[in-house]
Amino acid sequence: MQHLSFLEETKRRRTFAIISHPDAGKTTLTEKLLLFSGAIQIAGSVKARKATRHATSDWMEIEKQRGISVASSVMQMLYRDHVINLLDTPGHKDFSEDTYRVLTAVDSALMVIDAATGVEAQTRRLIEVCRQRNTPIITFVNKMDREVREPLDIMDEIERELGMPCVPMTWPVGQGKTFGGIINLRTQAMTVFEPGSDRGPKDFTTIPMSDQATLLKRFGHEFETAFESMELATGASPTWDHEAFLAGKQTPVFFGSGVNNFGVMEVLDALVDLAPSPQSRTSSFVVNKQPVLREVQPEDEFFSGVVFKVQANMDANHRDRIAFVRMASGKYTPGMKLKVMRTGKELRPTSVVTFMSQRREAVEEAYAGDIVGFTTHGGVQLGDTITDGSVNLQFTGLPFFAPELFMTVVLRNPLRTKQLQQGLAQLGEEGAIQVFRPEVGGNMLLGAIGQLQFEVVQHRLKGEYDADIRLESSQYTGARWITADTPAELKTFCEAYPMRMARDAANTLAYLCTSPYDVRLAQERFPKIHFHPLREHAGLALQSAG
């Protein structure tokens with residue numbers, strides 16, 4: 001019976017990321033999902049930057065000032081006897097690395113699309129990551145209470161961009177000033193739209209589709225047009241195939257207005273009814289000195305999980321660091337012995353928590369699919385595998401991309417060197433930015449995907465570590481992590497390019513480039529050196545460091 005309840009606990013988990021282009025209404029929808037599940041009592045407006053009430057998921061000071069999400073946040077809620085782990089991701093392209101890493105920790109994604117602008121550039125990038133992993137995607141078309149594009153056009157565009165068929169689950173009646181509500185194809189009823197951000201799920205009127213006379217009388221031409229386009233859409237769409245959705249080959253589409261709490265309930269229900277429970281995860285373990293791939297199942301008895309995010313100074317008073325671990329198997333109970341597989345050392349967290357954004361609660365028990373936070377003072381890096389010590393495995397697939405922008409760090413007050421080193425070490429381990437330490441001395445280098453990352457790190461170094469820095473332009477335009485067939489070849493290469501060698505936060509060796517031709521020339525000179533534009537996890541770090 002114990003084993004059965006363990007299985008049942010795992011099956012009632014849903015872990016998903018909410019993704020979109022900036023300003024599509026992602027953080028607002030996150031708030032409303034929390035509100036409708038009963039996790040919070042009052043939703044904060046993301047737009048009201050000067051208000052004291054900020055979105056629950058945007059906790060960092062710079063986020064409150066700018067009204068954007070610059071770090072992913074984790075929230076857990078209970079709805080219809082299911083434990084829902086929601087990961088809100090930064091929409092801004094400069095923080096896409098954080099988002100990519102979050103997408104490795106979830107079983108499904110909720111994609112938010114602005115009904116006026118459709119599928120935008122950043123959404124395309126995120127879709128690609130989901131497609132590579134065959135992550136099931138639920139689509140929510142937001143802002144139907146504004147002047148927007150025709151739903152058939154939006155469906156067509158989503159289908160083209162996603163490269164997979166769309167199946168409408170709800171359908172809008174009118175738009176903008178004439179927005180009358182949505183037809184729910186699953187329940188065959190129309191929910192009538194009324195503006196207002198304080199409305200709960202029971203505050204909306206529902207009229208069954210069988211009562212055509214009432215619907216025509218109330219909505220007239222808008223209802224007729226919507227009904228016709230809905231029939232066209234359903235006629236052109238395939239029938240709903242749950243297996244195809246789980247394989248990332250079909251997406252259900254919902255329409256609504258997040259800011260008005262409208263259409264949110266239907267999305268929440270879809271997460272419970274359609275989204276998958278925790279899935280198996282690929283790991284490698286060593287047999288006779290050879291790595292062998294193994295699928296870890298959520299119902300496996302041993303505890304295992306992967307660190308997909310490290311956040312320093314969530315609580316400024318305690319200078320703590322939280323390792324966010326996505327549990328892949330087993331059950332966590334307080335006081336359990338834990339081991340960091342990369343180092344073989346025991347992990348002794350000062351506390352273990354689940355999240356409600358800033359609010360944390362001590363974990364009584366957690367199962368595969370849950371996100372738990374281990375409060376530590378170091379010793380844990382992004383991509384680390386944590387187990388109970390009974391198995392020897394390493395999870396694969398946490399990506400680090402080679403940065404495209406570089407700046408040199410200059411400390412304004414040389415007496416703050418210790419604070420700067422501590423700050424850069426922690427922010428580098430956290431993945432907020434990539435930090436490169438030149439092998440032959442010289443100033444530290446920061447590598448980023450986007451310019452805004454530099455601003456955030458400068459802001460955080462001053463605010464959290466009291467290290468005031470100036471950033472100066474660098475001659476470098478790229479980096480490649482390097483490995484070699486033998487240690488002797490690696491040594492020869494490093495001696496040939498001493499000024500180009502640097503180590504990142506995980507102590508992985510990297511070759512710095514000043515032009516796109518550098519790598520090609522170095523590759524021609526040293527054919528047995530391997531240049532990597534992507535570092536997946538600690539495995540590469542160990543190989544090049546050793």
Side-chain angles (χ1 to χ4, degrees), residues 1-16 37 39 73-79 81-87 105-107 276-281 283 285 294-311 314-315 318 320-395:
M1 187 62 205
Q2 182 61 37
H3 189 64
L4 184 68
S5 83
F6 176 79
L7 255 175
E8 284 171 349
E9 282 290 357
T10 305
K11 292 278 181 227
R12 70 188 193 107
R13 260 70 189 164
R14 299 286 183 273
T15 304
F16 76 100
S37 70
S73 51
V74 179
M75 284 143 281
Q76 192 178 71
M77 51 190 167
L78 201 62
Y79 177 67
D81 202 35
H82 283 71
V83 178
I84 298 175
N85 295 293
L86 181 159
L87 286 79
V106 298
D107 303 300
S277 58
Q279 302 295 290
S280 64
R281 298 180 76 79
S283 71
F285 64 111
R294 165 183 174 172
E295 288 293 309
V296 173
Q297 302 298 334
E299 60 268 23
D300 285 341
E301 295 275 343
F302 57 84
F303 171 91
S304 71
V306 64
V307 178
F308 67 93
K309 177 180 168 65
V310 177
Q311 185 74 58
M314 274 183 86
D315 182 343
H318 292 103
D320 60 354
R321 304 172 67 222
I322 291 194
F324 289 72
V325 174
R326 151 69 199 238
M327 281 181 59
S329 67
K331 175 183 177 179
Y332 174 81
T333 49
M336 243 177 119
K337 279 199 168 172
L338 300 167
K339 188 176 175 184
V340 181
M341 299 311 290
R342 175 178 53 86
T343 58
K345 289 182 179 167
E346 195 179 323
L347 176 70
R348 290 186 179 162
T350 51
S351 68
V352 181
V353 293
T354 53
F355 303 92
M356 179 53 238
S357 192
Q358 274 165 305
R359 207 169 73 231
R360 312 176 197 173
E361 289 173 6
V363 175
E364 293 305 318
E365 54 181 35
Y367 295 84
D370 283 339
I371 310 292
V372 287
F374 294 116
T375 309
T376 71
H377 293 286
V380 180
Q381 292 178 0
L382 282 169
D384 273 350
T385 296
I386 313 283
T387 73
D388 57 14
S390 65
V391 285
N392 186 12
L393 54 84
Q394 178 83 43
F395 286 108

* To do: Please test V83 against D370 for side-chain contact (heavy atoms from CB on, under 4.5 Å), starting from the C-alpha separation and ending with a verdict.
  => CA-CA 8 Å; V83 178; D370 283 339; 3.8 Å; yes

* D384 and M341: CA distance, side-chain angles, deciding distance, side-chain contact (heavy atoms from CB on, under 4.5 Å) verdict -> CA-CA 7 Å; D384 273 350; M341 299 311 290; over 6 Å; no

* To do: Under the side-chain contact (heavy atoms from CB on, under 4.5 Å) rule, what do L347 and T376 come out as? Steps first, then yes or no, please.
  => CA-CA 8 Å; L347 176 70; T376 71; 3.8 Å; yes

* Stepwise side-chain contact (heavy atoms from CB on, under 4.5 Å) check, N85 with R14 -> CA-CA 6 Å; N85 295 293; R14 299 286 183 273; over 6 Å; no

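Taking the side chain as every heavy atom from C-beta outward, M327 and V372 approach each other to under 4.5 Å. Residues F374 and I322 are not in side-chain contact: their nearest non-hydrogen atoms beyond the backbone lie 4.5 Å or more apart. Within the 4.5 Å cutoff, side-chain heavy atoms of L78 are placed close to those of R12. Two residues are said to be in side-chain contact when any heavy atoms from C-beta on lie closer than 4.5 Å; Y332 and V352 meet this criterion. At least one side-chain heavy atom of F395 sits less than 4.5 Å from a side-chain heavy atom of S304. No side-chain heavy atom of V325 sits under 4.5 Å from any side-chain heavy atom of F308. Using a 4.5 Å cut-off on side-chain heavy atoms (C-beta onward), F324 and V74 make contact.
S283 contributes a side-chain N or O that, together with a main-chain N or O of R294, makes up a donor-acceptor pair within less than 3.5 Å. Looking at E365, its side chain never comes within 3.5 Å of a backbone N or O of V363 through a donor-acceptor pair. Looking only at distances, no side-chain donor or acceptor of S37 sits under 3.5 Å from a matching main-chain atom of M77. With hydrogens and angles ignored, the 3.5 Å screen pairs no side-chain donor or acceptor of S390 with any backbone N or O of F302.
Remark: K337 does not engage D388 in a salt bridge, criterion side-chain N to carboxylate O under 4.0 Å. Taking 4.0 Å as the cut-off between side-chain N and carboxylate O, R348 and E346 count as a salt-bridged pair. Taking the charged nitrogens against the carboxylate oxygens, R13 and E9 do have a contact shorter than 4.0 Å, which makes a salt bridge. Contact check on R326 versus D107 returns a salt bridge, with a Lys/Arg side-chain nitrogen under 4.0 Å from an Asp/Glu carboxylate oxygen.
Both tests do not hold together for K331 against Y367: distance to the six-membered ring centre under 6.0 Å, angle to the ring axis within 45°.
Take E295 and apply the salt bridge (charged side-chain N to carboxylate O under 4.0 Å, His left out) test, not counting sequence neighbours, and it matches no residue.
For the atom pair CG of L86 and OH of Y79, the computed distance is 14.0 Å after rounding to the nearest 0.5 Å. How far CG of L87 is from CD1 of I371: 5.0 Å, rounded to the nearest 0.5 Å. Here OG of S329 is found 8.0 Å from CZ of F303. Values are rounded to the nearest 0.5 Å. Once rounded to the nearest 0.5 Å, the distance linking OG of S280 with CD of E299 reads 9.0 Å. Taken from OG1 in T10 to CD in E8, the straight-line distance is 10.0 Å, to the nearest 0.5 Å. Here CE of M336 is found 11.5 Å from CD1 of I386. Values are rounded to the nearest 0.5 Å.
Taking every heavy atom of both residues into account, V380 and A323 meet most closely at CG1-CB, 3.8 Å. Counting all heavy atoms, side chain and backbone alike, V296 lies closest to A328 at CG1-O, 4.4 Å.
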